[in-house]
Structures are given as C-alpha cells and as structure tokens.
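The structure appears below as structure tokens.
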Amino acid sequence: MRDAVRLLIGRRARLRWVHLILGGALAMPYVLVGSVIIGPATGSTDVFGSFPLQLASFGVGLPIAAASSLFPMARPLEAANARWLCGVDADRIASGPARTWGERGRTAAWFTLHLGIGGIIAGMSLALPPFAAVLIVLPAFVWLGDTRLGFPEVFDHVWALALAPVAGVASLVALAGCAAGCGALLARWAPVLLGPTPEDRLAAAEARAADLAVRNRLARELHDSVGHALSAVGLQASAARRVLDADPEFVREALAAIEETTRRTVGELDAVLGVLREGDAPGTAPAPTLAGDLDALLRRTRAGGQRVTARVEADPEALPPLLSREAYRIVQEGLSNALKHAGGRVTVDVRIAVVDGLLEITVVNPLSGAASSRPGGGHGLRGVADRVRLLGGTAAAGPTADRTWRLHVNLPMKGPA
C-alpha cells in the first residue's frame, strides 16, 4: 500500500506532475495561436466556448510548437527540465544544443509530446479537483439543505448520494494515476529523444579521458617531486640529529641540503601545478631534467648520509628534452625508493647509459625486509611504469638472486612521445 501511494504522490511523481503542468503552460500560447486560425476557419467568434473547437485549436497549435523547437537551444532547456523534474540520469541526456537536423527532429518530437500530454494533464488537474471536492461534500450539503443544487435527478436517490464521495475520491486517484503514468512515459522517452548521439558519447568519453590523464599526470608528478623531497629531507634531518654533537660540519651540510631541497621542491611544485593551467604562467619554474639537475639530485641525496655511486655513460645534453625530463623523474623515483626501503646506511648504484639506441637506467640497492615485503611496488613504481609506457620503453623492478632490489628501464631515444 505504501509503495502504491509513493508511486502516485511520492516526491518523484510530484515532480513529474509539475513537469507535465509546465508543459501545459507552455502549450497555452500555441493554443491561442491555433484559436486565431480555427476561429476564422470555422466562422466562430467564441472558440473557447466550444470543446471541439478547443481541441481543434490544441491540435493546430502542436505543429507550431514543434516548428518553434527546431532552434538549437531548445534541447538544452528541455534536457535540463527532464533531468531535474523527470528524474532522468544526467549521462543519459545530451546537454549541448542540437547540431544536426536529426537531433533537432528528435527534440521537436519530444517538445510536441511534452506539450501535448502536459496540456491534457494540466486541463485535468484544473477541472477534476473541484469536481471531486463537490462530489465528496455533496451528501452533507443535500441532507442539510434539502436541495439538489442543480445536480442531475439521479442524486435524488440515497444510493447515488452515498456513492458520490467514493466517485470523488476515485476521480482524484484516477487523476494521480494518469499524471504518474504520463510522467513515467515521458521519463522513459526522454533518453530516446533527448539522449546523446554516438558523436556526443564519443566527445564525452574523450573529455573524461583527457581529464583523467591530467589528473594521473598531476598525481605522478606530485608523488615523484614532493614525495622524493620529503623522503630526502626526513633522511637528512635524521642523519643530522644522530651526529649533532659529534660532527657539526656534517650537520651544517645536512641543513644546507635540506634548505636547498625544500627551495627546489617549491619550484618543482609550481611547475607541477602548471599542469592544471591553460599554460605555464610567466616565471613558472621549468621541470627538472637529467641534463641540468642530475648532479644536484645526487648531491642532495648524498647530503643525507646515503652513499650513492653514479655512472653516467651517456651525454645528458644530447637527450631530447622530454626524454631528459622523464629520465630525471625515473632516477629520482629509484633513489626515493631506496631511501624509503633501504635506509641511509647502504650504497645505491645508479647507471645511465645509451646502448643500441636505448637509454638504459639502472638503480640497484641492497634488499631489506621492507623492500621484500612490497614486491609489486607502490605508487612510485606504477608512476615509473606509466612514464615508460608513454615513451614506448620497458621497465622491470624487483628483487634479484643476490638479494638486491633492481630497477631497470629502457627508453628509446626516438619514441612515440
């Protein structure tokens, strides 16, 4: 019983009823135009005094309404009403203006359906409630006043008076049922007539893919730059604290490295946030590259007490800018991974070389319990895999037989960048 009541007069049913009444209101100007045509055509001076002539005016006005809805902006307005009042999911209805004649034709069909059914339900909503109210209270007025109030003679019978309230309530229930049914019909046809075309779906999918790519790139850049900086600063501060009294010179170097790391990271963060802008603003710090920033990266890492051996068997200046930038991030992630999982008391070996047209990057550090507990790697290694895939290269990371953790990347010197 509760479900039936909600189906007839629940919130969704009421909103759809409002949608239908709005359709009836929108139909009125077209009905007036239709009456101007029907009046002279039939020789009648009182079109609205005749129900058949009213229906004829309504029928003439609907084609005029369909013609007026061929304008491109008619679809966004009707789509917004259908989403809000009919309860249709937003992704099932196109939000942009109609571009082709096929889309305009479907919009015209929807507009005609909305105004046609809405006009009928609006008329019923105006006429039936007062009639039903009179039927419901009729027995009390007749028995108290001993008069038929101009009603048909059938109400002279007691049984007719007794059934009058039932007929009044039934009229209201029928009105609610008609409104709910027509509202459900419009909600079902809205995706068909106002729904996106294959071109709209393709454009929406491309927009979502582009947005997701930007978000993934931003997350990757933030992880690689800020994540590495925080790991390095933490290790440097920890090393300085341990030798605060024994080696003041090392503490000074560590603090200087922390200062340089944080200053550099602020510039990198500004560059990363440029991903969200239409274009990099003037003065935005450029993204670090292997050619210009590798030495500083190694120096900051060593300042924290970590022993790093680096063999650069390639000319960083000869690398394409994109390759140099992505290679820097890969080396940075390899060092950051070693900082987090191997600690500052081990030696990390870094090798960068060009072999057979491929830029090879290898980062090796002793395997610890923390590293062996994460064989699949974390967000950083997934970021490395994303970078390598976009450049058309290959990447492998994991423990080796001699109990070391090895990150090995091959990047083509000329790839699908």
Side-chain angles (χ1 to χ4, degrees), residues 2-30 62 65-122 125 175-220 273 275-278:
R2 183 178 299 176
D3 293 339
V5 172
R6 183 164 54 248
L7 183 65
L8 291 177
I9 57 174
R11 182 177 183 276
R12 175 167 292 182
R14 294 196 304 270
L15 288 176
R16 290 175 176 175
W17 201 337
V18 171
H19 183 251
L20 290 167
I21 292 176
L22 286 177
L26 289 174
M28 286 304 300
Y30 300 103
L62 286 181
S68 67
S69 65
L70 294 176
F71 294 99
M73 292 308 298
R75 186 170 73 165
L77 297 176
E78 284 296 306
N81 288 330
R83 281 194 298 268
W84 180 39
L85 296 175
C86 289
V88 183
D89 294 337
D91 57 353
R92 300 181 64 195
I93 297 182
S95 57
R99 295 182 299 272
T100 66
W101 282 107
E103 294 174 0
R104 295 177 185 179
R106 290 191 294 122
T107 303
W110 163 264
F111 194 64
T112 304
L113 190 66
H114 181 201
L115 267 59
I117 298 179
I120 296 172
I121 296 299
S125 299
L175 174 60
C178 290
C182 292
L185 178 65
L186 286 182
R188 182 174 181 178
W189 277 94
V192 177
L193 298 177
L194 296 177
T197 62
E199 292 78 9
D200 293 328
R201 294 189 180 94
L202 179 59
E206 290 176 347
R208 285 194 296 268
D211 181 66
L212 182 61
V214 170
R215 290 175 181 270
N216 287 339
R217 181 185 170 195
L218 177 61
R220 186 171 64 240
L273 293 180
V275 175
L276 294 178
R277 307 187 185 105
E278 291 291 336

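Index from 1, following the sequence.
Summarising the geometry of A82 relative to W110, their closest heavy-atom pair is CB-CZ2, 4.3 Å, with the distance given to 0.1 Å. Shortest non-hydrogen contact noted between R99 and E103 is N-OE1, 2.8 Å. When all heavy atoms are compared, the tightest approach of L8 to G177 is CD2-CA, 3.6 Å. Of all non-hydrogen atoms in S69 and A74, the two that sit nearest each other are O-CB, 3.4 Å. The two atoms that bring A187 and P191 nearest to each other are O-CD, 3.2 Å, heavy atoms only. The nearest pair of heavy atoms linking E78 to L26 is OE2-CD1, 4.3 Å.
M73 is listed as a side-chain neighbour of P97, based on a closest heavy-atom distance under 4.5 Å. Using a 4.5 Å cut-off on side-chain heavy atoms (C-beta onward), W189 and L194 make no contact. Side-chain contact between S68 and F111 is present, with at least one heavy-atom pair separated by less than 4.5 Å.
Here the straight-line distance linking atom CD1 of I117 with atom CG of L186 works out to 4.5 Å at 0.5 Å rounding. Separating the CD1 atom in I120 from the SG atom in C182 is a distance of 7.5 Å, to the nearest 0.5 Å. To the nearest 0.5 Å, the span separating CH2 on W101 from OG1 on T107 amounts to 11.5 Å.
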Distance-only donor-acceptor hits, side chain of residues 15-25, under 3.5 Å, sequence neighbours excluded:
from	atom 1	to	atom 2	distance (Å)
R16	NE	C86	O	3.0
R16	NH2	C86	O	3.1
W17	NE1	S125	OG	3.0
H19	NE2	H114	NE2	3.4

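Taking the salt bridge (Lys or Arg N to Asp or Glu O under 4.0 Å) definition, one finds that D3 meets it with R6, sequence neighbours left out. Checked against side-chain contact (heavy atoms from CB on, under 4.5 Å), P29 has no partners two or more places apart in sequence or in another chain.
By the 6.0 Å contact criterion, CZ on R104 is enclosed, its count of non-hydrogen atoms from other residues, nucleotides or ligands being greater than 12.
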